[in-house]
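Chain letters run A, B, ... following the sequence lines, proteins first, then strands; residues in each count from 1. Values below: all heavy atoms of this structure, side chains included; hydrogens, waters and symmetry mates excluded.
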Amino acid sequence: MDYLDELNEVQRKAVMATEGPIMIVAGPGSGKTRVLTFRIVHLMQLGVDPFRILALTFTNKAAAEMRERVSKIMGNEARNLYIGTFHSVFARILRYEAGRLGYPSNFTIYDTDDSRSLLKSIIREQALNDSLYKPAVVHNRISSAKNSLIGPAEYQNDVNIVADDQAAGRPKIGLLYELYAKRCFMAGAMDFDDLLYKMYYLLSQFPDLLYKYQNRFRYIMIDEFQDTNGAQYAIVKKLGDVHQNICVVGDDAQSIYSFRGATIANILNFEKDYSDLQVFKLEQNYRSTKHIVHAANKVIGNNRMQITKEIWTDNHPGEKIKLLKAGSDNDEGKQVIDGIFEEKMRNQRMNKEFVILYRTHSQSRAFEEALRRLNIPYVVYGGISFYQRKEIKDLVAYLRLTVNHFDEESLKRIINYPSRGIGQTTVEKALLKANDTGLRLWEVLERYDEVMPGSRAANAVNDFISKIKTFSLMLQTHNAFDLASHIAKASGLLHELYNDKTIEGLSRYENIQGLLNGIKEFTERTPFEAGKDPIEEEWVTVDGEILNEKNLDKSLGAYLQEITLLTDADKDNGTEDRIKLMTIHSAKGLEFPCVYVVGLEEGLFPNQMSMGSREELEEERRLFYVAITRAQHKLSLTFATTRYRFGNLTHSDPSRFIEEIDPRVIDKQFSHREMNASSHEERFSKVTIPVIKPPQYVHKTTSDFVADDFNQIQTGMEVEHQRFGVGKVVHLEGNSKEKMATIFFQNNVGSKKIMLRYARLRIVKTNMMQEG
DNA sequence: ATAAGTCATTTTTTT
DNA sequence: AATGACTTAT
C-alpha cells in the first residue's frame, strides 16, 4: 500500500486507526485533507463497501475535492461514497423520507431571505411592534433554538428561554416560532436549520429509520469538527451509535463559526461521550514558511481557550511578513495592488497565486477598483452572491413556485412581477382569507372566484394561476433548461428586463442569461429522465455531481436544491488566472502562495460587534490565525488610518493583532512611531480625503454638503464615475434637495440614473453645446 | 393600481 | 451609497 509512504508517522497512525472513536487534532497545513482521503482509501482497501462510508464536510468544494482525491486512487468505486455537506446529505435523506414528516418530497428549501420575509409577514399579522420584533432578531432566536434541538413547544415551555425573551421585552417570540414553523410546514418548506433539526427529529421519532441509517453508515467521518453545532453533533452521535466508528477532524484554534451555533463544546463532549477515544495530533505544518508559522503561534498564544499544541515546520524561514500602512481605504487598495504587481514581476507569479482576505464583504470595493484600473483579472467570492440578485431570485421564484405551488414566499414575490394588475391590496385580502380559512395562499387564489366573489382582480389572478399550472405540467416532459427558458419568456420576465436599457438593466438581463446557461450546464451534466425517483436504490449523487448514469435527477427540483445549498465559495475557478478576493471566513480550508490580509484596524478586525466578551475577542483572534495560516510563502498585512463608512470618513487605529506578532518577523515599511503618530495627526487635523483628484470631484460628507456641489453638474457634461467610468450626462431631474442625473456611460454602453446628492463624480469636460 | 417622490436604515462572519 | 419603506400624485 504505497500511499501510506506519503505520510508522516502520526498521519499514518491516524489513517490506520479505522475502528472506534477517533479524534484528529489537525493544525493548519498539517495534511488534514490528505489524512481524511487516505483514511477513506484505506478503508476501501480493507474491503469496506464505499456505500457504508459517510464523510461530512462544510462546503461542497471540500466534499468534491475529497471525492476527487479518492477517485484518483480508487477509480470508479469512489462513486458510491457518501460524501457531502451536512445540509446536502440530510436534505437528500429528508426528501426520501419526507412522507414520514408529512412533507412533500419536493419541499422547498427556504434561504435566509425567505425565512426573514416570512417572519416579517407573521410579525405584521400579529400586529407586533416591528422595531422590537425585527425579523433578523426573531430569526436568530429561532435558529439557535433549532440548532439546540428545541422545538416550538419546548421553547414555550422552557422557563429559562421564556424568561430571557421576557427580559428582552420580546415575550412573543415563542408564539412567532410556532406560527413560523406552521407556515413553513403549510408551504412545504424547510429552512436551513430544519435540514438539521428535522433530520434529528426523524431519527429520534422513527426507530426503523434510525435502525436503517445506523446500519447503513458503518464509518463516519467529520471534517472541520470545531465548526459543528449541537444539532449536527447530536445527529452524528445517533447515526454512529451502533458501530461507533466515528472519526472527527478539527482544530479548536480555527473555530470561527460560533455565531452560527458552532461550539467547541462538541470537542469536549466528544471526549466525554467516548471514553475509549484515540487522539492524534498533527502538528507539523507543510504549508507555510517558518516566519509565518512563528507569527501564527505567537498570535494564538494570546488566547486562553485552547488545546495545547505547537505547530512547527521544517520549511524555509522565508521572507519576513510585510506590514503596510495606508492613508485611506482607496489608498490601501492601490498599495496592495501595486505590491501584488511588483511581486508578480519579481517572482514571475500568476494572478491566481494571490488572495486578498478581509473581514467584511464591503471592503472589497477599493481593491476591485484598483484592480480594474490596472486591468488585472479578479474574482470576488461571496458578497451579494449571484443567487441573491433580485433578477435571479425573481426567476428562481417562478421555478420554485412551479415545483411547489405552496411555496408562499415565492408566490408573493412574483404574483405581480412583472406587473399584471394584482396589487398589494388583492394579495393582502387573499392572505387574510387564507389565514381565516386555514387554506394556503395558493389554494385561495386557485378558488378565487368562489372565495373572493366579485373581485376586480379575478381575471388577472386566474390567468396567473393557470400560467403557473401550465409550467407545472411541463415538469414531466421537459428538462430543467427547456422549462426554465420557457418560463423566463412566458412569465414576461425576460421581456421586462430587455426593455431596461440602464446599466443595471443590461447586467440583469445578462445575469438571467447566465442563470439559464448554468441550468443548461446542469442539464447536460445530468440527462433528463422523467418520472424517476432519484434517491432510491443507490446513493449516487454528491452535491449535484451525478456519478451513476442510470440514477440521475435532472429535474428542475434537483437544480433548485443544488443552487440553494451551493455557496459562492463552491464555484471553483481554480483554473482561471485571477486574483481572488474573499472574506476570511470563506477562506477556511484553503491555501495560497501569497496572502494579503487587509483592513487590520481596531473596530473592523477585531470587529466592533465582536469585542463584547473575552470569548468573542478570542474568536476574532482565531479568525486572524486562520487568515495568516492560509499563506504559503508571502504574507502581507495592511491597515488604513481612514476609511469611508456609509459615505462618511472615519478614523481608526491599527489592530491590536498586529502588535501580537513577534516584531522580529515583521518587515515594516515605516517606523513604529509613525504608525501611531500620523494617525493621531490625521485625526485632529481636518482632513478631507479627495476621492480621486481634487478639486473637480463633487464630494459630500454629511457635514460638509453644500447645495452648489451637485448644481455644478449640467446636462451635456462629461463626467467620470468611480465605478462606471466616463459618461455623458443626458438628463437631469429633481429639485433643490435631490437631483438625479441620467448618465450614459460609453464603455458599458448603457445609462444609469445617479442620485447626485451622494454621487462621487469628476467633471471631465464642462463645455457642452447641446442638451441631450 | 402604479409611479414618482421622500424618508430611514444600514455596522460581521454563512450553510 | 444604496436600498427599502412609506407617502403622495396620477
Charged N to carboxylate O below 4.0 Å: is that the case for A:Asp407 and A:Arg413? no

Do A:His87 and A:Phe58 have their ring centres less than 6.0 Å from each other? no

Under 4.5 Å between any side-chain heavy atoms of A:Pro135 and A:Ser117, yes or no? no

Short side-chain donor-acceptor distance under 3.5 Å, A:Asn147 and A:Arg260: no

Looking only at side-chain N and O atoms, does A:Lys134 come under 4.0 Å of OP1 or OP2 in B:dT10? yes

Filtered N/O pairs between nucleotides 1-3 of chain B and protein, under 3.5 Å:
| unit_1 | atom_1 | unit_2 | atom_2 | d |
| --- | --- | --- | --- | --- |
| B:dA1 | OP1 | A:Thr425 | OG1 | 3.1 |
| B:dA1 | OP2 | A:Thr425 | OG1 | 2.7 |
| B:dT2 | OP1 | A:Gly421 | N | 3.2 |
| B:dT2 | OP2 | A:Asn416 | ND2 | 3.0 |

State which residues pass side-chain contact (heavy atoms from CB on, under 4.5 Å) with A:Asp331; sequence neighbours excluded, sorted by chain then number. A:Ala326, A:Ser328, A:Gln335

Can you check whether A:Phe259 stacks with the B:dT13 base, using ring centres under 5.5 Å and planes within 30°? yes

B:dT15, OP1 or OP2 - any side-chain N/O from A:Thr59 closer than 4.0 Å? no

Base B:dT13 to side chain A:Arg260, donor-acceptor N/O within 3.5 Å cut-off: no

Pair A:Lys390 + A:Asp394: basic N to acidic O under 4.0 Å: yes

Tell me what A:Phe86 touches on the nucleic acid: a base, only sugar-phosphate, or nothing, going by heavy atoms under 4.0 Å. nothing

Detail all sub-3.5 Å separations between protein N/O atoms and N/O atoms belonging to nucleotides 6-10 of chain C.
none

Using a heavy-atom cut-off of 4.0 Å across all strands, would you classify A:Lys588 as base, sugar-phosphate, or nothing? nothing

Nearest heavy-atom pair of A:Ile415 and A:Phe464: which atoms, and what distance? CA-CZ, 3.8 Å

Classify A:Lys120 by what it touches in the nucleic acid, base, sugar-phosphate, or nothing, heavy-atom distance under 4.0 Å. sugar-phosphate

How would you list, by chain and number, every residue that makes a side-chain contact (heavy atoms from CB on, under 4.5 Å) with A:Ala430, sequence neighbours excluded? A:Leu441, A:Val444, A:Leu445

Is there any salt bridge (Lys or Arg N to Asp or Glu O under 4.0 Å) pair reaching into residues 418-429 of chain A, and which pairs are they, with sequence neighbours excluded? none

Contact list please: residues 597-607 of chain A against DNA chain B, heavy atoms, distance less than 4.0 Å, in numerical order. A:Asn607

On DNA chain B, check which nucleotide each of A:Gln608 and A:Thr583 is closest to and give me the residue with the more 5' one. A:Gln608

Of all the choices, B:dT14, B:dT12, B:dT15, which nucleotide is nearest to the side chain of A:Ser586 once you look at every atom? B:dT14

Residues forming a side chain to side chain donor-acceptor pair (under 3.5 Å) with A:Glu619, sequence neighbours excluded: A:Ser258, A:Arg622

Give a yes/no answer on whether the side chain of A:His361 brings an N or O atom under 4.0 Å of OP1 or OP2 in B:dT14. yes

Sequence neighbours excluded, which residues qualify as side-chain contact (heavy atoms from CB on, under 4.5 Å) partners of A:Glu368? A:Ser364, A:Arg372, A:Tyr378, A:Val380, A:Leu581

For A:Ser121, which residues count as a side chain to side chain donor-acceptor pair (under 3.5 Å) partner, sequence neighbours excluded? A:Lys412

Which residues satisfy the side chain to side chain donor-acceptor pair (under 3.5 Å) test with A:Asp223, sequence neighbours excluded? A:Lys32

Residue pairs involving residues 131-145 of chain A (criterion salt bridge (Lys or Arg N to Asp or Glu O under 4.0 Å); sequence neighbours excluded): A:Arg141-A:Asp165

How many whole angstroms separate atom NZ of A:Lys390 from atom P of C:dG4? 9 Å

Is there a donor on the side chain of A:Thr112 or the base of B:dT15 sitting less than 3.5 Å from an acceptor on the other? yes

Where along residues 609-625 of chain A does a heavy atom fall under 4.0 Å from DNA chain B? A:Met609, A:Ser610

